[in-house]
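These figures come from a predicted structure and were not determined experimentally. Residue numbers start from 1 in every chain, and the chains themselves are labelled A, B, ... in the order their sequence lines are given, proteins ahead of strands.
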Protein chains: 2
Amino acid sequence: MLQIRDGVLQVLAWQRARPPDPGRWALPGGLLGDDEDVATSVRRQLAEKVDVREVAHVEQLAVFSAPHRVPGVRRIATAFLGLVPSDADPAVPADTAWHPVDALPDPAFDHAEIVEAARDRLRAKLSYTNLGFALAPREFTISTLREHYAAALGHPVSATNLQRVLARRAVLEPTGALAPPGPAGGRPAALFRFAEPTLRVTDAFAVLRPPGEHARPAVP
Amino acid sequence: MLQIRDGVLQVLAWQRARPPDPGRWALPGGLLGDDEDVATSVRRQLAEKVDVREVAHVEQLAVFSAPHRVPGVRRIATAFLGLVPSDADPAVPADTAWHPVDALPDPAFDHAEIVEAARDRLRAKLSYTNLGFALAPREFTISTLREHYAAALGHPVSATNLQRVLARRAVLEPTGALAPPGPAGGRPAALFRFAEPTLRVTDAFAVLRPPGEHARPAVP
DNA sequence: ACAAAAGTGTTATTCCTACACCCATGC
DNA sequence: GCATGGGTGTAGGAATAACACTTTTGT
């Protein structure tokens, strides 16, 4: 579960009380039930940690199956990436907290590797899909969105170019409203929202397109 | 397991003799052993069907976990994509055969869905990685490579442009040799090989690059 | 008026597709 | 010579990063 908090990409983890790996931080998860598939199971596990209605996107990452990745009984994990918009502040249990993804202290088992996979996937999909909808608040200025993208991608992002890229792909739509300027003044920023609340690939193939598509498909 | 055969993308399947799903065609696979991870297990399962040295690339696709995807005991499958170069012709057991991916007759269980996922993944990765190395023979002409890409992508591919795209990315290297012309004559074609035998992302991010990279990273 | 923040115009660069043209071989 | 297939040159369209410039607010 990832979220932008205080301008930093953070991951939700809980501190293990009992062996194995006591005191270390683990990702939320649990056993697969007999009557559920892994996606359903993830939703159920999350419900124990946060309000699931605040989770904007969930997707499968990969299977982690090294024979002794967890001491004791063999466990095979199907890792997921979950995203919470930055304007949500879900209540979490006492043993659970958010940590910057770059500095998850003392990760349990192979969970550092899983966080790495999640970060990579997020970075990639921000580039070629509208996945930003799952990180951004409901309404936002381009400035705010720029900060979110920069935090998630790990490098500076230009507000000018971000604006244009997302506009060309019809990913954003203006709400019509304006955000009031800060105490130092400045032009009021226009508010935007994501046009669609679900994942859409906006930049399918950079090369080797089918003939007749000189550029990306036009907006219908 | 996918391979280009007779200019068509084909999938390796075996015909089930016994229930469940007798007579239907299933993908190779089997149970995970106690001392192996899923990647190791896949290699082992494949060894029973083909000479594993002929498999050029294997990667994880996704977990299929619907509670009743297979009758009887609950089974959770980690699906993989495997690729065999077109110049290999592995010996296969009597119940096992290659079928065009578009026309796998009577797929067992949810295997049609898995084949679909494999095809999608292959298509995507051909565009932004050097994955062609796992489909093409050791040495080939651009014409041949064009046919392979067209078969895998499912749409026509221009030899001219394929040549240039792969050249720009330094994915191909000339062997120096020429292929003899066919009976109708024509200029002899230059032979190429893939420069690297392992997966490499050649076209990382179309947009939202870090500052300072006006275009794709230069070749070192 | 001036500083600050937001947004638009414009340019340079690169990439990609399409198509015309040139090259080397067999008959 | 000429048909056939291979390869190169080149032009047109489009996308993106960078940066200059304009707009709108608060002090």
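Distance from the side chain of Gln163(A) is smallest to dT8(C) among dG6(D), dT8(C), dA6(C). Looking at the side chain of Asn161(A), the nearest of the listed nucleotides dA15(D), dA6(C), dA18(D) is dA18(D). Closest approach to the Ser143(B) side chain among dG6(D), dT16(D), dA6(C) is made by dG6(D) (side chain taken as heavy atoms from C-beta onward).
A straight line from CD1 of Ile142(A) to P of dT24(D) spans 17 Å, rounded to a whole angstrom. One interatomic measurement links the two molecules: CG of Leu145(A) to C1' of dA6(C), which rounds to 14 Å at whole-angstrom precision. The CG-C1' distance, from Leu162(A) to dT8(C), rounds to 16 Å in whole Å. dG9(D) atom C1' lies 15 Å from atom CZ of Arg168(B), rounded to whole Å. Look at CG on Leu166(B): it is 14 Å from P on dC15(C), rounded to the nearest Å. Across the protein-nucleic acid pair, Leu153(B) atom CG and dT17(C) atom C1' stand 15 Å apart, rounded to whole Å.
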Step by step, would you call Leu191(B) with Leu178(B) a side-chain contact (heavy atoms from CB on, under 4.5 Å)? CA-CA 5 Å; Leu191(B) 287 172; Leu178(B) 297 180; over 6 Å; no

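A salt bridge is absent between Asp37(B) and Arg69(A): the closest approach of a Lys/Arg side-chain nitrogen to an acidic carboxylate oxygen does not fall below 4.0 angstrom. With respect to the salt-bridge test (charged N to carboxylate O, under 4.0 angstrom), the residues Arg138(B) and Asp87(B) do not qualify.
Put simply, the side chain of His111(A) does not reach to within 4.5 Å of the side chain of Arg24(A), judged on heavy atoms.
You'll find the ring centres of Phe140(B) and Phe194(B) inside the 6.0 Å limit.
Contacts between residues 175-195 of chain A and DNA chain C, counted as heavy-atom distances below 4.0 Å, involve Ala184(A), Gly185(A), Gly186(A), Arg187(A), Pro188(A), Ala189(A), Ala190(A).
Contact record, Val84(B) with Gln3(B): O-CG, 3.3 Å, taken as the closest heavy-atom pair.
Counting any heavy atom pair closer than 4.0 Å across all strands shown, Thr160(A) reaches a base atom.
At a cut-off of 3.5 Å, with distance as the only test, a side-chain donor of Ser41(A) or Gln45(A) sits close to an acceptor on the other residue.
Side chain Arg164(A) to base dT10(C): a donor-acceptor pair is found below 3.5 Å.
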